[in-house]
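Lettering follows sequence order; numbering is per chain, from 1. All heavy atoms count here, side chains included; hydrogens, waters and symmetry mates do not. These numbers come from a predicted model, not from an experiment.
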Amino acid sequence: MVVDYSSPNLAKEMHVGHLRSTIIGDALARVLEKLGHEVIRQNHVGDWGTQFGMLLAHLEDVDGDSDELADLENFYRAAKAQFDSDPEFAERSRGKVVSLQAGDPAIRAQWQKFIEISLSHCQQTYDRLGVTLEMTDVMAESAYNDELPDIIDKLRAADLLTESDGAQCVFLDEFTGKDDKPLPVIVQKSDGGYLYATTDLAAVRLRARDLKIDRALYLTDARQNLHFKQIFAVARKAGFCDETLALEHHPFGNMLGKDGKPFKTREGGVIKLNELLDEAEARALALVSEKSPDLEVAERIEIARVVGIGAVKYADLSKNRTSDYIFDWDQMLSFEGNTSPYLQYAYSRIQSIFRRGGIDAAKLTAVVSLDSPEERALAVNLVRFQEVLEQVAQDGFPHFLCTYLFGLATSFMRFYEACPILNADEPVKASRALLCQRTAQTLQEGLSLLGIGTVERM
RNA sequence: GCGCCCGUAGCUCAACUGGAUAGAGCACCGGAUUUCUAAUCCGGUGGCUGCAGGUUCGAGUCCUGCCGGGCGCGCCA
């Protein structure tokens, strides 16, 4: 199966809006893999659209040299502003896109530079987030370029193509727009350029024909709902894939500011992912220093990193929002309640027990006896793990796993309060130690499937 | 205008796809530490699940109609 996720537009720095697709997609890929599926990660980065025409046209004007992505960010902003206000510039930008798609060597070289800077930035962010995406998972829009003329040909051969106002369109009866007029899927612009619909059709075909997958999960925001409905319908009609390929769009809402409006900081830009992670680590470091001042500085920093990043990821993973939701620093960086630090804390407590008791967790054997309600509740939770993973895989909802792990950690905390372990007599001691071991193992594995780490102490 | 999504405690979210008294966390109030980490645990306050009908033995969940919000609907992605 293919998990299509993250998919940022290049030439802009990654911001908080990219978080959900990246993190949810990564968790799903991990869970599917864990269950034995062959998972192909695909990062369908936007490197081919009009925005690059804008950049290239702007580059022509300013004759600048942008090595830093921060520059590229400003560069993009300036280009965008001119694109919106200057028809001549907009026209020239579209021309650049056509040249780019036609393979003009000089244009390609300039474009390549933008791509490299931007991709390496993305990779840094993935590494920092602990996301399993690699450069080899990048399957950019541009990768489908050579396929696009053939996509048009095949659509024409299937008698699906209609010319409308100079553009090549596919009209399907089930889609209508304003005033009940048929709604087109535009696959080729009047100037000959291709669009993201064309690319997505080529992607479906490649996944069906070459990758021979039987399931594709698309993780994007909900605004692309109609788009994917259309793409999937056209792809089936054109024979790019058959009914045995499950095409699933998993939408989610946008992140909004506290005022409920699209997310902007006072400066007018979105919050960058790196800023969010910096803040998360800083808050976690302050807390770990307060709670465990006796730990070495280096260890505190490492704990803060794992805890801070985990908190951010968990905040997103634990929710199943298909509509927009409000971003809130305090909520996203909370370390109490249903959060990853709570789960990590439960794990570290168990490690602490093993350290204190000189117990080698790997060598534990015991007959588990469940005498108290707390022991029974914990054991019941432990055996549900597999079933939860299957549910996550089936529905594409990582929050099922979060809910489960929180319940598991809660039942462990109660057990911990009620049942002494190291001070218990044998064979109860060994039984409880084994419960601890299984709990720690499940917490670690569960968190790992969410892309979140654990620490030995915190 | 048409279409998609959403509306659950003050706030952020759950509810195994139609099952029992709608659950958690945060916030607020009150407790617990001579014992393995108090980033914890225990108790309490807080609900006409937007409104009105309908289907059903049973509805937060399904159907209809309203109200409120978000998004989408021809050459952006």
key: Nearest-nucleotide pick for Lys291(A), side chain only, options being rA39(B), rC41(B), rU35(B)   = rA39(B)

key: Electrostatic pair Arg94(A)-Glu91(A), nearest N-O below 4.0 angstrom   = yes

ask   = What interatomic distance, in whole Å, is found between C1' of rA52(B) and the corresponding atom of rC71(B)?
value = 27 Å

query = In whole Å, what separates the P atom of rA77(B) from that of rG72(B)?
reply = 15 Å

note = Per-nucleotide protein contact along nucleotides 72-77 of chain B, 5' to 3', at a 4.0 Å heavy-atom cut-off (B base, S sugar-phosphate only, - neither), is SBBBSB

ask   = Any side-chain N or O of Arg321(A) less than 4.0 Å from the OP1 or OP2 oxygen of rC13(B)?
value = yes

message = Distance check, C1' atoms only: rG18(B) and rG54(B), in whole angstrom units.
response = 15 Å

task = Would you mind reading off the distance between Leu408(A) atom CG and rG25(B) atom P, rounded to a whole angstrom?
result = 16 Å

ask   = How about Lys319(A): does its NZ atom have over 12 heavy atoms from other parts shown lying under 6.0 Å from it?
value = yes

inquiry  = Counting only heavy atoms not in Glu296(A) (residues, nucleotides, ligands), do more than 12 fall under 6.0 Å from its CD?
reply    = no

Ser292(A) side chain vs Ser289(A) backbone, donor-acceptor pair below 3.5 Å = no

message = So does Ser142(A) get a backbone contact from the side chain of Asp47(A), meaning a donor-acceptor N/O pair under 3.5 Å?
response = yes

request  = Nearest whole angstrom, please: distance from the C1' of rC4(B) to the CD of Glu174(A).
outcome  = 15 Å

ask   = Where the side chain of Arg376(A) meets the backbone of Asp371(A), is there a donor-acceptor pair that is under 3.5 Å apart?
value = yes

message = Taking only the P atom of each, what is the distance from rC6(B) to rC48(B) in whole angstrom?
response = 23 Å

ask   = How far, in whole Å, is rA9(B) from rA15(B) if one measures between their P atoms?
value = 15 Å

query = Under 3.5 Å, is there a donor-acceptor pair between the side chain of Ser318(A) and the main chain of Tyr314(A)?
reply = yes

query = Is any side-chain N or O of Arg414(A) closer than 4.0 Å to OP1 or OP2 of rC42(B)?
reply = yes

ask   = Which sits closer to the 5' end of RNA chain B, Lys229(A) or Thr403(A), going by the nucleotide each is nearest to?
value = Lys229(A)

request  = Scan nucleotides 15-22 of chain B nucleotide by nucleotide, 5' to 3', and note B when protein non-hydrogen atoms come under 4.0 Å of the base, S if they reach only the sugar-phosphate, - if neither.
outcome  = SSB-----

ask   = From rU40(B), rA24(B), rA39(B), pick the nucleotide closest to the side chain of Phe335(A)?
value = rA39(B)

inquiry  = Without decimals, in angstroms, what is the distance between Glu417(A) CD and rU37(B) P?
reply    = 12 Å

message = Using the C1' atom as the point on both nucleotides, what is the distance between rA24(B) and rU33(B), in whole Å?
response = 26 Å

request  = May I ask you to decide if Gly451(A)'s main-chain N or O and Lys313(A)'s side chain share a donor-acceptor pair within less than 3.5 Å?
outcome  = yes

ask   = If you write RNA chain B from 5' to 3' in dot-bracket form, with Watson-Crick or G-U pairs under 3.5 Å, [ ] for crossing pairs and | for pairs with another strand, what do you get?
value = (((((((..((((.....[...)))).(((((.......))))).....(((((..]....))))))))))))....

ask   = Can you check ring-ring contact (aromatic ring centres under 6.0 Å, His included) on His250(A) and Tyr5(A), steps first, answer last?
value = CA-CA 10 Å; His250(A) 295 268; Tyr5(A) 67 107; over 10 Å; no

inquiry  = Has Ser352(A) got a side-chain atom pairing as donor or acceptor with Ser348(A)'s backbone, closer than 3.5 angstrom?
reply    = no

query = Within the structure shown, what part of the strands sits under 4.0 Å from Cys419(A) by heavy-atom distance: base, sugar-phosphate, or nothing?
reply = base

task = Specify the separation, in whole Å, of atom CZ of Phe406(A) and atom P of rA24(B).
result = 10 Å

request  = Take the protein atom CZ of Phe252(A) and the nucleotide atom C1' of rC13(B), then report the distance between them rounded to whole Å.
outcome  = 18 Å

remark   = From OH of Tyr416(A) across to P of rA39(B) the rounded distance in Å is 10 Å

message = Rounding to an integer number of Å, can you tell me how far Met413(A) CE sits from rA24(B) C1'?
response = 15 Å

request  = Look at the side chain of Arg321(A) and the backbone N and O of Gly253(A), then say whether any donor-acceptor pair between them is shorter than 3.5 Å.
outcome  = no

query = Is it true that a side-chain atom of Gln437(A) and a backbone atom of Leu364(A) form a donor plus acceptor pair closer than 3.5 Å?
reply = no

Between C1' of rU37(B) and CG of Leu287(A), the distance in whole Å = 13 Å

task = Verify the neighbour count for atom CG of Asp360(A): are there more than 12 heavy atoms of other residues, nucleotides or ligands below 6.0 Å?
result = yes

query = Ser352(A) side chain N/O closer than 4.0 Å to the phosphate oxygens (OP1, OP2) of rU37(B)?
reply = yes

